[in-house]
S.K.: 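Okay, handing you the structure first.
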Amino acid sequence: QVQLVESGGGLVRPGVSLRLSCAASGNFVILNLMHWFRQAPGSERDVIATISHSGTTNYADSVKVRFTISRDNAKNTVYLQMNSLKPEDTGVYYCNADVWTTSPPRLVNYWGQGTQVTVSL
């Protein structure tokens, strides 16, 4: 019904920047809250950033200055701009969204497949 597809991950050196994208497709009316989660190797999956439909944002303390979440509602896409990347930023980044579906209209939570980000010398 609804698919979230992340892109933009990769292997980079410390200090560089990456921009992740998450595009939603399928049968839905509107995307509501959208989130980025990160799961480091051997760790739990933790929320990194959240953005409302109107653009209100919230960040984990570890990324608050360096990362920026944004969205383009016309493109049904959420972004995560990651600057000054550190080795501890390594992990799988997952897009998550609350979606109003079309048939029938219901609020449903969806996960993307995840995209790997590796920060290493």
Side-chain angles (χ1 to χ4, degrees):
Q1 290 184 317
V2 179
Q3 299 84 41
L4 303 176
V5 180
E6 302 96 335
S7 62
L11 193 157
V12 297
R13 292 183 172 85
V16 304
S17 298
L18 283 176
R19 190 194 193 207
L20 306 182
S21 298
C22 172
S25 62
N27 296 322
F28 62 90
V29 177
I30 196 170
L31 303 171
N32 287 277
L33 282 177
M34 303 192 74
H35 317 265
W36 285 101
F37 285 75
R38 179 174 68 197
Q39 187 164 17
S43 300
E44 298 179 350
R45 187 180 301 183
D46 299 317
V47 63
I48 298 300
T50 299
I51 187 167
S52 71
H53 184 267
S54 61
T56 301
T57 59
N58 184 261
Y59 300 93
D61 288 341
S62 61
V63 306
K64 193 167 186 176
V65 176
R66 299 180 296 118
F67 290 11
T68 302
I69 188 172
S70 62
R71 64 191 292 165
D72 186 336
N73 290 331
K75 296 181 178 180
N76 296 318
T77 301
V78 64
Y79 306 94
L80 185 67
Q81 178 67 44
M82 305 185 295
N83 299 325
S84 302
L85 283 164
K86 305 175 180 179
E88 50 263 46
D89 295 319
T90 294
V92 179
Y93 285 71
Y94 296 91
C95 180
N96 178 274
D98 291 329
V99 181
W100 276 104
T101 60
T102 57
S103 302
R106 294 182 179 181
L107 189 64
V108 182
N109 187 258
Y110 287 92
W111 288 93
Q113 298 293 105
T115 184
Q116 177 71 46
V117 173
T118 302
V119 185
S120 179
L121 290 169

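Count residues from 1 along the sequence.
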S.K.: Which value, rounded to the nearest 0.5 Å, describes the distance between Thr77 atom OG1 and Asp72 atom CG?
M.R.: 6.5 Å
S.K.: Keeping the roles fixed (side chain from Thr101, backbone from Pro104), state whether a donor-acceptor pair exists under 3.5 Å.
M.R.: yes
S.K.: What pair of heavy atoms forms the shortest contact from Ile51 to Arg71, and how long is it?
M.R.: O-NH1, 3.5 Å
S.K.: Assess whether atom CD of Glu44 is packed by more than 12 heavy atoms of other residues, nucleotides or ligands within 6.0 Å.
M.R.: no
S.K.: Just grab all the side chain to side chain donor-acceptor pair (under 3.5 Å) pairs involving residues 111-121, residues at least two apart or on different chains.
M.R.: Gln116-Thr118
S.K.: Please report the shortest heavy-atom distance between Lys64 and Tyr59, naming the atom on each side.
M.R.: CA-CB, 3.8 Å
S.K.: Sub-3.5 Å donor-acceptor pair from the side chain of Ser54 to the main-chain atoms of Ser52, do we have one?
M.R.: no
S.K.: Which atom names give the shortest non-hydrogen contact between Glu6 and Cys95, and what distance separates them?
M.R.: OE2-N, 2.7 Å
S.K.: For a side-chain contact (heavy atoms from CB on, under 4.5 Å) check, start with the C-alpha distance between Gln81 and Arg66, then their side-chain angles and the critical distance, and finish with the verdict.
M.R.: CA-CA 8 Å; Gln81 178 67 44; Arg66 299 180 296 118; over 6 Å; no
S.K.: Mind listing the closest non-hydrogen atom pair of Pro41 and Thr90 along with its distance?
M.R.: CD-O, 3.7 Å
S.K.: Could you check if a side-chain atom of Tyr79 sits within less than 4.5 angstrom of a side-chain atom of Thr68, using non-hydrogen atoms only?
M.R.: no
S.K.: When you group the ILVMFWY residues by side-chain heavy-atom contacts below 4.5 Å and let the links chain together, are Phe37 and Val92 in the same group?
M.R.: yes
S.K.: Do the side chains of Leu31 and Asn73 get nearer than 4.5 Å, heavy atoms only?
M.R.: no
S.K.: Which pair of non-hydrogen atoms, one from Phe28 and one from Val99, has the smallest distance, and what is that distance?
M.R.: CB-CG1, 3.2 Å
S.K.: For residues 17-25, which side-chain N or O atoms pair as donor and acceptor with protein atoms under 3.5 Å away, sequence neighbours left out?
M.R.:
{"unit_1": "Ser17", "atom_1": "OG", "unit_2": "Asn83", "atom_2": "OD1", "d": "2.8"}
{"unit_1": "Ser25", "atom_1": "OG", "unit_2": "Gln3", "atom_2": "OE1", "d": "3.3"}

S.K.: Take Gln39 and Tyr94 through the side-chain contact (heavy atoms from CB on, under 4.5 Å) test and state the conclusion after the steps.
M.R.: CA-CA 8 Å; Gln39 187 164 17; Tyr94 296 91; 3.9 Å; yes
S.K.: Walk me through it: do Asn109 and Asn96 pass the test side-chain contact (heavy atoms from CB on, under 4.5 Å)?
M.R.: CA-CA 7 Å; Asn109 187 258; Asn96 178 274; 2.8 Å; yes
S.K.: Which residue pairs satisfy the side chain to side chain donor-acceptor pair (under 3.5 Å) criterion with at least one member in residues 26-38, sequence neighbours excluded?
M.R.: His35-Thr50, Arg38-Asp89, Arg38-Tyr93
S.K.: Please round to the nearest 0.5 Å and tell me the distance separating atom CE of Met82 and atom CZ of Phe67.
M.R.: 5.5 Å
S.K.: Evaluate side-chain contact (heavy atoms from CB on, under 4.5 Å) for Tyr110 paired with Gln1, printing each intermediate quantity in order.
M.R.: CA-CA 10 Å; Tyr110 287 92; Gln1 290 184 317; 3.4 Å; yes
S.K.: Do Met34 and Val2 belong to the same hydrophobic cluster, where Ile, Leu, Val, Met, Phe, Trp and Tyr are linked whenever their side-chain heavy atoms lie under 4.5 Å apart, directly or via other members?
M.R.: yes
S.K.: Quick one: closest heavy-atom pair of Arg13 and Val16, and the distance?
M.R.: O-CG2, 3.0 Å
